[in-house]
**Student:** 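Encoded as structure tokens, here's the structure I'll be asking about.
Hydrogens, waters and symmetry mates are skipped; everything else that's a heavy atom, side chains included, is used. Count residues from 1 along the sequence.
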Amino acid sequence: MTRWPEDDHELAAALASAAGDVLLTVRAERGHGDARALKEAGDRRSHDFLAGALAEARPGDAVLSEEGRDDPARLDADRVWIVDPLDGTREFSEEGRVDWAVHVALWEKGRLSAGAVALPGERTTLRTAGSGALAGDAPLVAPAPDASRIRVAVSRTRPPAFVQRLAENIDAEVELVPIGSAGVKISSVLLGRVDAYLHAGGQYEWDSAAPVAVALASGAHASRIDGAELRYNQRDTWLPDLLVCHPSLAPLLLAGVRDIADPPPVPGLSNTV
């Protein structure tokens, strides 16, 4: 039996990092000759690992996983782990790409209380701590941007027209930066590689719970694109939109969103995160 950390922040980080190691092993064993088989193996092996580890480490807690059956009992639970065993399956299947991640978050009595995003290709994990957030062992604080030039993370396969319209509607130069998974996009905001991630094409709770937990702990702004609170462990796990950025950028971006037509959520487009 593995001796898992008693602290929830440390457990989230340990689980995400270990699942990342599992995925790196799957990549090495399978190679990249059959992308579909690699994706399926990665999803399955990482999910099985996380489900088993959580059952061992926190047997009384509920789990909501992208790859697992949704048990309605989680709606009455005080503690629910929200996990994405492999965020960015497309990128995981492409040789040389590192913009994929593992998400592990804890929702507790109405809020996200802990979370970790492993970036296995970079051999690092971003996580919440008792106070604040960490990137590896270093303090993680959302960096202030240059408000005259805003770098916005977008899908590398389908740059959203919504964000392009926003770029035309605000008083700042906007650069669209293609990145793979949602977790890596949000991590890129926190690491200062981009300044914002704004998405309106629809996702599920597991796509953002862990990176949002880390973002909030680091002092970043995270909300719906109308400024409303992001809510998790809902009966319907569909989360239509979100904005993650430095707090100083939030008023500009939220105002820009209000000035353009709000596109309706499109079910089935969660792979455009």
Side-chain angles (χ1 to χ4, degrees), residues 2-5 7-32 35 38-39 41-50 52-54 57 65-67 81 83-106 114-130 132-143 153 156 177-194 197 206-215 217-218 220 244 273:
T2 304
R3 186 175 180 82
W4 295 106
D7 178 85
D8 288 327
H9 304 285
E10 294 179 6
L11 177 61
L15 291 173
S17 298
D21 289 341
V22 169
L23 287 165
L24 289 172
T25 298
V26 172
R27 252 187 165 189
E29 290 175 350
R30 293 263 179 173
H32 293 79
L38 180 57
K39 293 176 186 178
D43 277 333
R44 183 179 65 254
R45 291 265 294 274
S46 185
H47 168 77
D48 288 349
F49 167 78
L50 288 171
L54 282 168
S65 171
E66 179 180 15
E67 302 302 323
W81 292 90
V83 303
D84 189 343
L86 174 52
D87 179 50
T89 53
R90 179 193 297 269
E91 289 71 27
F92 174 73
S93 72
E94 296 179 13
E95 188 170 6
R97 296 208 69 92
V98 299
D99 47 347
W100 51 277
V102 178
H103 299 179
V104 178
L106 174 62
V117 180
L119 308 176
E122 299 188 43
R123 295 290 188 176
T124 192
T125 297
L126 280 57
R127 68 179 182 93
T128 59
L134 299 172
D137 296 323
L140 178 64
V141 178
R156 56 180 285 255
V177 182
I179 300 175
S181 83
V184 178
K185 289 184 180 74
I186 295 174
S187 296
S188 295
V189 174
L190 307 183
L191 294 169
R193 298 170 182 173
V194 297
Y197 173 41
W206 47 76
D207 289 312
S208 66
V212 163
V214 178
S218 77
V244 178
V273 297

**Student:** Using salt bridge (charged side-chain N to carboxylate O under 4.0 Å, His left out) as the criterion, list what pairs up with Asp43, not counting sequence neighbours.
**Tutor:** none
**Student:** Look at the side chain of Ser46 and the backbone N and O of Pro85, then say whether any donor-acceptor pair between them is shorter than 3.5 Å.
**Tutor:** yes
**Student:** State which residues pass side chain to side chain contact (heavy atoms under 4.5 Å, CB included) with Glu29; sequence neighbours excluded, sorted by chain then number.
**Tutor:** Thr25, Arg45
**Student:** Assess the residue pair Leu11 and Leu106 against the criterion (side-chain contact (heavy atoms from CB on, under 4.5 Å)); give the C-alpha distance rounded to whole Å, side-chain angles, the decisive distance to 0.1 Å, and a yes or no.
**Tutor:** CA-CA 10 Å; Leu11 177 61; Leu106 174 62; over 6 Å; no
**Student:** Please answer whether the main-chain N or O of Ser93 pairs with a side-chain N or O of Lys39 as donor and acceptor at a distance below 3.5 Å.
**Tutor:** no
**Student:** Just to verify, what does Leu134 make a side chain to side chain contact (heavy atoms under 4.5 Å, CB included) with, not counting sequence neighbours?
**Tutor:** Arg127, Ala129
**Student:** List for me each residue that meets side chain to side chain contact (heavy atoms under 4.5 Å, CB included) alongside Glu91, sequence neighbours excluded, and say none if there are none.
**Tutor:** Arg97, Asp99, Trp100, Arg156
**Student:** Any sub-3.5 Å donor-acceptor pair from Ser65's side-chain atoms to Glu67's backbone N or O?
**Tutor:** yes
**Student:** Using the test side chain to side chain contact (heavy atoms under 4.5 Å, CB included), find all partners of Thr124 that sit at least two apart in sequence or belong to another chain.
**Tutor:** Leu119, Glu122, Leu126
**Student:** Under a 3.5 Å distance rule, please check whether Ser218 uses its side chain to pair with a backbone N or O of Ala215 as donor and acceptor.
**Tutor:** yes
**Student:** Between Asp87 (side chain only) and Gly183 (backbone N and O only), is there a donor and an acceptor less than 3.5 Å apart?
**Tutor:** yes
**Student:** According to salt bridge (charged side-chain N to carboxylate O under 4.0 Å, His left out), who are the partners of Asp7, at least two apart in sequence or on a separate chain?
**Tutor:** none
**Student:** For the side chain of Ser188 and the backbone of Arg193, is there at least one donor-acceptor N/O pair under 3.5 Å apart?
**Tutor:** no
**Student:** Is a side-chain donor or acceptor of His103 paired with a backbone partner of Trp206 at a separation under 3.5 angstrom?
**Tutor:** yes
